[in-house]
Amino acid sequence: NYSKVFILERLNFYKSVGLWKESTEEQKRIHKEIIKSYSDLGHSVINVPFMSIEKRVKFVLKNSKVPGCVKSAGVFKKCPMIKSKHLPNT
């Protein structure tokens with residue numbers, strides 16, 4: 001049972017490589033609908049801004065309680081759900 005949903009901010013600067021069938025406008029609409037659906041279901045929707053992978057991991061861990069993650073002196077030492085190379089050093 002999840003009470004929080006983390007939504008990654010859309011990237012507005014990527015170059016289309018033909019993987020998406022939807023136009024940019026359709027992608028934006030779908031993104032908004034996903035957020036609305038989670039919100040309507042009672043989830044707390046948290047927007048994760050664009051930043052490095054390490055900073056995103058730190059942001060998500062800071063805003064959630066992830067089982068098994070060990071934090072010591074403000075630094076995540078162990079988190080079994082996340083590859084150690086992505087754990088923030090500070």
Least distance between heavy atoms, R56 atom then L8 atom: NH1-CD1, 3.4 Å
Residue set satisfying salt bridge (charged side-chain N to carboxylate O under 4.0 Å, His left out) with E25, at least two apart, ordered chain then number -> K28
What residues, two or more places apart in sequence or in another chain, satisfy side chain to side chain donor-acceptor pair (under 3.5 Å) together with K32? none
Does anything in residues 37-47 form a salt bridge (Lys or Arg N to Asp or Glu O under 4.0 Å)? List the pairs, not counting sequence neighbours. K36-D40
Those residues at least two apart in sequence (or on a different chain) that pass ring-ring contact (aromatic ring centres under 6.0 Å, His included) with Y38 are H43
Only counting residues at least two apart or in another chain, list the ones meeting side chain to side chain donor-acceptor pair (under 3.5 Å) with N47. none
Sequence neighbours left out, what passes side chain to side chain contact (heavy atoms under 4.5 Å, CB included) with S44? Give chain and number order. K4, I46
Got a second to check how far S52's OG is from K55's NZ, nearest 0.5 Å? 5.5 Å
What pair of heavy atoms forms the shortest contact from E22 to Q27, and how long is it? O-NE2, 3.1 Å
Which pairs with one or both residues in residues 42-51 pass salt bridge (Lys or Arg N to Asp or Glu O under 4.0 Å), sequence neighbours excluded? none
Give, for atom CE of M51 and atom CD of E9, the distance between the pair rounded to the nearest 0.5 Å. 8.5 Å
Tell me the closest heavy-atom pair linking F6 and N63, and the distance in Å. CZ-O, 3.6 Å
What pair of heavy atoms forms the shortest contact from E26 to K21, and how long is it? OE1-O, 4.3 Å
Kindly compute the distance separating CD1 (I7) from OG (S39), expressed to the nearest 0.5 Å. 10.5 Å
